[in-house]
Amino acid sequence: MAKVELDRLTVQFGEVAAVDGISLVLDHGEFIVLLGPSGCGKTTALRSIAGLQHASSGEIRFDGKPVTKLSPAQRNVAMVFQFVSLYPHLTVRQNVAFPLRAKGVSGREIAEKIEWIAKVFSIGDILDRYPGGLPPGSRQKAALARAVVRNPDVLLLDEPLSAVDEQYREEMRWELRHLQKKLGVTTVHVTHDQREAMSLADRVVLMRAGRIVQVGPPTALFNDPADRFAAFFIGSPGMNFVDLTLAADGLHVAADQTLRVSAPNNVLEDARAKGLNQIVLGIRPHMVELTNGVGQDMLPATLLDAALVGRDLEAQFALAGQTIKVVLPLDAEFRDKRRLRLPPAHCLFFAPDGTRLG
Ligand code: ATP
C-alpha cells in the first residue's frame with residue numbers, strides 16, 4: 001500500500017480542464033471515494049492516478065516518489081471497472097491466477113498466492129467454479145481477488161457497482177468495505193452515487209467542474225457542508241432550501257414578511273457585512289418538525305402530499321409558495337399539523353452564490 005499525493009494535478013482536454021489543479025493526500029490504506037455529478041472529472045482523476053491519462057501539469061507521487069511520467073505497468077496499481085469483468089471461460093482460480101501468469105510468476109508462487117487470497121476473501125469453495133454460475137456477490141469477490149492478488153500499491157475502482165442490481169448492491173458495499181480494510185490497500189473509488197460514497201469511504205472527495213469542493217469523513221460532509229452544492233448533493237432526500245429576506249428588523253421568508261426566522265448573530269453579521277439582503281436557509285428534511293404550536297421559527301404551512309418512501313414517510317408542505325420536504329416516522333401524526341418548525345440548531349445559511357454564511 002502506498003501514500004498517494006496529488007499535487008496541483010491538472011488534465012486539460014482542449015479548452016476543458018477536466019481536472020483543474022487538485023491537491024490531495026491519501027494515507028496508507030485509506031479508502032477514498034471521489035464523488036460528484038457526471039462530468040466533474042472523477043474518472044479523469046482516477047485514470048491519471050492509474051497512468052492511463054497524461055497529466056497536463058502537476059505531479060502524482062506514491063510514497064513520495066514521482067510517478068507522473070511512469071506507465072501504468074510501472075506504477076503497480078490495480079484498476080477494476082466493473083465487478084462483472086471476469087473471463088467467463090476461465091474458472092475463478094484461473095481468473096485470479098491470470099495477472100500473475102502475465103507477470104511470469106512461477107507456478108508454485110501462484111499456488112501460494114491463490115491460497116492466501118482465497119483465505120482472505122473466503123473464496124476457497126468457488127475457486128474451481130466458472131463465474132457464470134456464481135451469485136453477484138461471489139463474482140465481486142473473485143474480481144476483487146484477481147485485482148489485488150499481485151499486491152498493488154493502489155487499488156482503483158471505477159463505478160464498480162454500477163452494473164449490479166439494486167438488491168445486491170447494499171450487501172456488496174459492505175463486503176467491499178470489509179475486504180478493503182482486511183487488505184489494507186490504499187483505494188480510490190469513483191461514483192456519482194452519494195449513498196455509495198457515504199457508506200464506503202473513510203473520506204469523501206466531493207468534486208465539481210474539475211475541482212474539489214470538500215474533503216472529509218462522510219459525517220463531516222453531511223453535517224457541515226462547505227457550500228450549497230455540497231449541502232444539496234449529499235443526503236437523501238436532498239436538503240430543503242428556503243429563500244429569505246434580510247431586512248433591518250431581521251429575517252423573514254422571502255414571499256411573506258410576517259414569517260420570521262431566526263439565525264445566529266454571526267450569520268446575520270456576515271450577511272450584513274457582505275451587503276446581502278437575500279439569503280438562503282438550508283435544512284434537512286429529517287430535521288423539520290411539525291407542530292400546532294405558535295412561537296419563534298414556527299411557520300404556517302399547507303400539506304401538499306405524502307407518500308411512503310422506503311421505511312419513511314415523506315411529506316411535502318407549501319410554505320409561502322416554497323416547497324418543503326419533511327421525513328417522518330411511519331406512525332407520525334401529520335395531517336392535522338399546521339406549522340413547520342425549523343430548529344435553529346439544524347439550519348444552515350448560504351449567500352445567493354452558494355457560499356456558507358457565519
Ligand atoms: P462520469 O461520471 O459521467 O464519467 P466524470 O466525473 O468521471 O463523469 P470525466 O469523465 O472525468 O467526468 O470527464 C470530465 C470532463 O472531461 C467532461 O467534461 C468530459 O466531457 C471531458 N472529457 C473526459 N475525457 C475526455 C476526452 N478523452 N477527450 C475530451 N474530453 C474529455
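In each ligand, atom 1 is the first atom listed, and ligand 1 is the first ligand listed. Positions are given from 1, in the same order as the sequence printed here. Keep in mind that what you see is a predicted model, and the values were worked out from it rather than measured.
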Does the pair [X]/[Y] count as a salt bridge with the N-to-O cut at 4.0 Å?
X    : Y    : value
K325 : E314 : no
R356 : D227 : no
E333 : K337 : no
D153 : K3   : no
D249 : R260 : yes
R208 : D20  : no

Within 45° of the axis and under 6.0 Å from the centre of the six-membered ring of F222, does NZ or CZ of R284 qualify?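 Yes, a cation-pi geometry.
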Measure the distances from the heavy atoms of P37 to every atom of ligand 1 and state whether one is below 4.0 angstrom.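 Yes, P37 has a heavy atom closer than 4.0 Å to ligand 1.
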Take every heavy atom of C40, measure it against each atom of ligand 1, and state whether any distance is under 4.0 Å.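 Contact present.
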Give me the residue, atom name and distance of the protein heavy atom closest to [atom].
atom                    : answer
atom 16 (O) of ligand 1 : A18 CB, 3.2 Å
atom 4 (O) of ligand 1  : T43 OG1, 3.6 Å
atom 3 (O) of ligand 1  : S38 OG, 2.6 Å
atom 5 (P) of ligand 1  : G39 N, 3.5 Å
atom 31 (C) of ligand 1 : F13 CD1, 3.2 Å
atom 11 (O) of ligand 1 : T44 OG1, 2.5 Å
atom 12 (O) of ligand 1 : G41 N, 3.2 Å

Does the protein put any heavy atom within less than 4.0 Å of atom 19 (C) of ligand 1?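 For atom 19 (C) of ligand 1 the answer is no, since every protein heavy atom stays at 4.0 Å or beyond.
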In terms of relative ring orientation, are F241 and F350 parallel, tilted or perpendicular, with 30° and 60° separating the classes?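 F241 vs F350 ring planes: perpendicular.
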Proximity to ligand 1 by part of K42, non-hydrogen separation under 4.0 Å: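 Both parts.
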